[in-house]
Amino acid sequence: MMKLDDKINNLVDILLNCSNVTVLTGAGISAESGINTFRDPDGYWSKFNPQELASKDGFISNPEFVWSWYQYRLKVLHSSEPNSGHKSLVEFEKHIKQFNLVTQNVDGLHQKAGSKDVIELHGSIVRNKCIECNLPYHNSVFDGSQLLSKCYLCNGLIRPDVVWFGEFLPEEEINRAEVYSTECELFFSIGTSSEVYPAANLPSIAKNCGAFIVEINPNFTSLSSLADVRFEYPSGEILPKILEKYEMRIT
Ligand code: OAD
C-alpha cells in the first residue's frame with residue numbers, strides 16, 4: 001500500500017495542474033466541530049425516523065416535535081466552531097482559480113470559516129419560511145418562543161428552510177452544482193455517505209466528464225469504488241496535511 005506522504009504528493013501534483021476544482025461536502029466535515037452526522041452508528045437516523053423529522057408530512061403531523069429537533073440542532077450549532085477541514089477549504093479557495101464549494105450541510109460552518117461562495121443544496125437551518133407561500137422568516141425576527149406562529153400573509157405554518165425528503169432541491173443551486181461538476185478537473189467528495197440523491201450523483205457526473213475523483217472519508221461509501229483516490233481519514237486531519245504540501249509547492 002502507498003505511503004500517506006506519497007499519496008498526498010501525488011494528489012498535490014494533480015492539484016497544481018488544476019484551475020477548476022469542485023468540492024462536495026456532507027455532514028462528516030462538520031463532525032469534528034461536534035455536529036452529529038446522520039448515518040454513522042451514532043448518527044441522527046440511528047435514533048430518529050427521518051420521515052417524522054425530515055419530511056413535510058412529518059412536520060404537518062407534529063410541528064412541535066420537528067421544531068424541537070431543529071431548535072436543539074441550532075443550540076448545538078451556536079456553541080460550535082468551524083474545524084480545520086472547513087478552514088483548509090477556505091485556503092484552497094484563495095489559491096485555485098475556479099473553486100466551487102457545494103454542500104449538503106445546513107449548518108453554515110463553511111461560511112463561518114470564511115468560504116465565500118457556498119452552494120447550499122439542502123437549505124439552511126438558520127433560515128425559516130412559510131410552508132405555504134415560502135415567505136422567508138429569518139431567525140433574527142423569529143425566535144424559539146414563536147415557533148408555532150403563522151405566516152402573516154397567508155396564515156401558513158412557519159418551517160425551517162431546509163430540504164426535506166420528497167422535496168425538490170433549490171433549482172439554481174442544483175443547476176450550478178451540476179454545471180460545476182461537469183466543468184471541473186478534480187472533484188473532492190468529503191464527509192458524505194453518498195446515499196442521498198441528487199447530490200450523490202455529482203461525483204458520477206464529474207467522473208463521466210473526465211474529472212479525477214478524490215474521496216475523503218474514514219469509512220467506505222457508495223462512491224468509494226468510483227473514486228480515483230481515497231483518504232480514509234477524518235477531513236479535519238487530512239485536509240490540513242494536503243493543504244500544507246500544496247502551499248509548500250506553490251510558494
Ligand atoms: P451522512 O450521515 O449520511 O454521512 C456522513 C459521512 O461522513 C459518513 O460516510 C461518515 O463515514 C463520514 N464521516 C464521519 N466523520 C467524518 C470525519 N471526521 N471526516 C470525514 N468524514 C467523516 O451525511 P450526508 O452524506 O451529509 O439530508 O447526508 C446527506 C443528507 O442526508 C443530509 O444532508 C441530510 C441527511 O438525511 C436531509 O436531512 C434532507
Side-chain angles (χ1 to χ4, degrees), residues 23-59 66-67 69-70 72-74 76-77 80-89 101-110 113 118-127 129 159-170 173-174 177 187-204 214-227 229-243:
V23 178
L24 172 66
T25 64
I29 196 164
S30 296
E32 289 151 275
S33 294
I35 312 276
N36 250 8
T37 63
F38 297 93
R39 293 176 185 77
D40 283 307
D42 57 349
Y44 284 126
W45 299 157
S46 69
K47 304 180 199 94
F48 300 114
N49 179 350
Q51 287 310 319
E52 285 176 17
L53 284 176
S55 78
K56 194 171 175 180
D57 287 348
F59 180 73
V66 175
W67 264 121
W69 185 56
Y70 280 92
Y72 163 76
R73 289 175 65 192
L74 263 177
V76 172
L77 192 57
S80 306
E81 291 300 327
N83 63 57
S84 45
H86 300 105
K87 290 177 191 165
S88 300
L89 295 180
L101 180 53
V102 183
T103 189
Q104 297 164 88
N105 298 345
V106 296
D107 58 28
L109 287 179
H110 285 302
V118 184
I119 300 178
E120 292 180 315
L121 290 181
H122 291 169
S124 168
I125 199 173
V126 300
R127 295 192 305 258
K129 63 179 183 182
R159 56 163 281 182
D161 189 2
V162 298
V163 176
W164 284 329
F165 290 104
E167 295 184 321
F168 290 111
L169 271 60
E173 278 77 358
I174 186 63
F187 187 104
F188 279 100
S189 169
I190 304 175
T192 173
S193 58
S194 295
E195 293 292 335
V196 175
Y197 286 80
N201 212 24
L202 297 174
S204 310
V214 182
E215 180 175 53
I216 296 180
N217 196 314
N219 299 304
F220 205 77
T221 73
S222 311
L223 172 71
S224 300
S225 57
L226 195 96
V229 63
R230 299 193 62 238
F231 291 91
E232 287 171 52
Y233 293 89
S235 42
E237 251 179 63
I238 198 72
L239 280 168
K241 291 197 168 99
I242 299 170
L243 176 70

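All residue numbers in this chain count up from 1 along the given sequence. Please read all numbers here as calculations on a predicted model, not as lab measurements. As the structure lists them, so they are numbered: ligands from 1, and atoms in each ligand from 1.
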- Query: Quick one: which ligand 1 atoms are inside 4.0 Å of a heavy atom on Gly26?
  - Reply: 26 (O)

- Query: With a cut-off of 4.0 Å, which atoms of ligand 1 are near a heavy atom of Asp40?
  - Reply: 8 (C), 10 (C), 11 (O), 14 (C)

- So is there a nitrogen or oxygen of Asn219 less than 3.5 Å from a nitrogen or oxygen in ligand 1? yes

- Polar-atom distance check: His122 versus ligand 1, any N or O pair below 3.5 Å? yes

- Taking only heavy atoms of Pro234, which atoms of ligand 1 are found under 4.0 Å from at least one of them? 17 (C), 18 (N), 19 (N)

- Under 3.5 Å, side chain of Asn36 to main-chain N/O of Gly43, donor-acceptor pair present? no

- Task: Would you please say whether a donor-acceptor pair under 3.5 Å links the side chains of Ser30 and His110?
- Result: no

- Message: Can you confirm whether Tyr233 is buried at OH, in the sense that more than 12 heavy atoms of other residues, nucleotides or ligands lie under 6.0 Å from that atom?
- Response: no

- Message: For a salt bridge (charged side-chain N to carboxylate O under 4.0 Å, His left out) check, start with the C-alpha distance between Glu167 and Lys129, then their side-chain angles and the critical distance, and finish with the verdict.
- Response: CA-CA 14 Å; Glu167 295 184 321; Lys129 63 179 183 182; 5.8 Å; no

- Item | ligand 1 atoms in contact with Ala27 (distance to a heavy atom under 4.0 Å) | 23 (O), 24 (P), 26 (O)

- Message: Quick check on contacts: which atoms of ligand 1 are under 4.0 angstrom from a heavy atom of Phe165?
- Response: 36 (O)

- If you measure every N/O of Asn217 against every N/O of ligand 1, is any gap under 3.5 Å? yes

- Message: Exactly one of Val102, Leu121, Val118, Thr103 should register a side-chain contact (heavy atoms from CB on, under 4.5 Å) with Thr25. Which one does?
- Response: Thr103

- Item | Ligand-side contact atoms (ligand 1) for residue partner Thr192, heavy atom cut-off under 4.0 Å | 6 (C), 9 (O), 24 (P), 25 (O)

- Query: Who's closest to atom 38 (O) of ligand 1 heavy-atom-wise, of Trp164, Tyr233, Trp45?
  - Reply: Trp45

- Heavy-atom nearest option to atom 31 (O) of ligand 1, drawn from Glu195, Glu167, Glu32, Arg39: Arg39

- Could you check atom 29 (C) of ligand 1 against the protein and tell me its nearest heavy-atom contact, residue, atom and distance included? Gln104 OE1, 3.3 Å

- Measure the distance from atom 37 (C) of ligand 1 to every protein heavy atom, then report the residue, atom name and distance (to 0.1 Å) of the closest one. Val163 O, 4.1 Å

- Message: For Gln51, is there any backbone N or O sitting under 3.5 Å from a side-chain donor or acceptor partner on Asp57?
- Response: no

- Give the numbers and elements of all ligand 1 atoms closer than 4.0 Å to a heavy atom of Ala31. 15 (N)

- Query: Given that the side chain starts at C-beta and the backbone is N, CA, C, O, which of these parts of Val196 lies under 4.0 Å from ligand 1, counting heavy atoms, or is it both or neither?
  - Reply: side chain

- Message: Against ligand 1, does Pro218 come closer than 4.0 Å with any heavy atom?
- Response: yes

- Task: Using modelled atom types only, decide if a donor and an acceptor are shared between the side chain of Ser33 and the backbone of Ile35 within a distance under 3.5 Å.
- Result: no

- Task: Would you tell me which option among Ser193, Ser224, Gly28, Gly123 has the nearest heavy-atom contact to atom 1 (P) of ligand 1?
- Result: Ser193

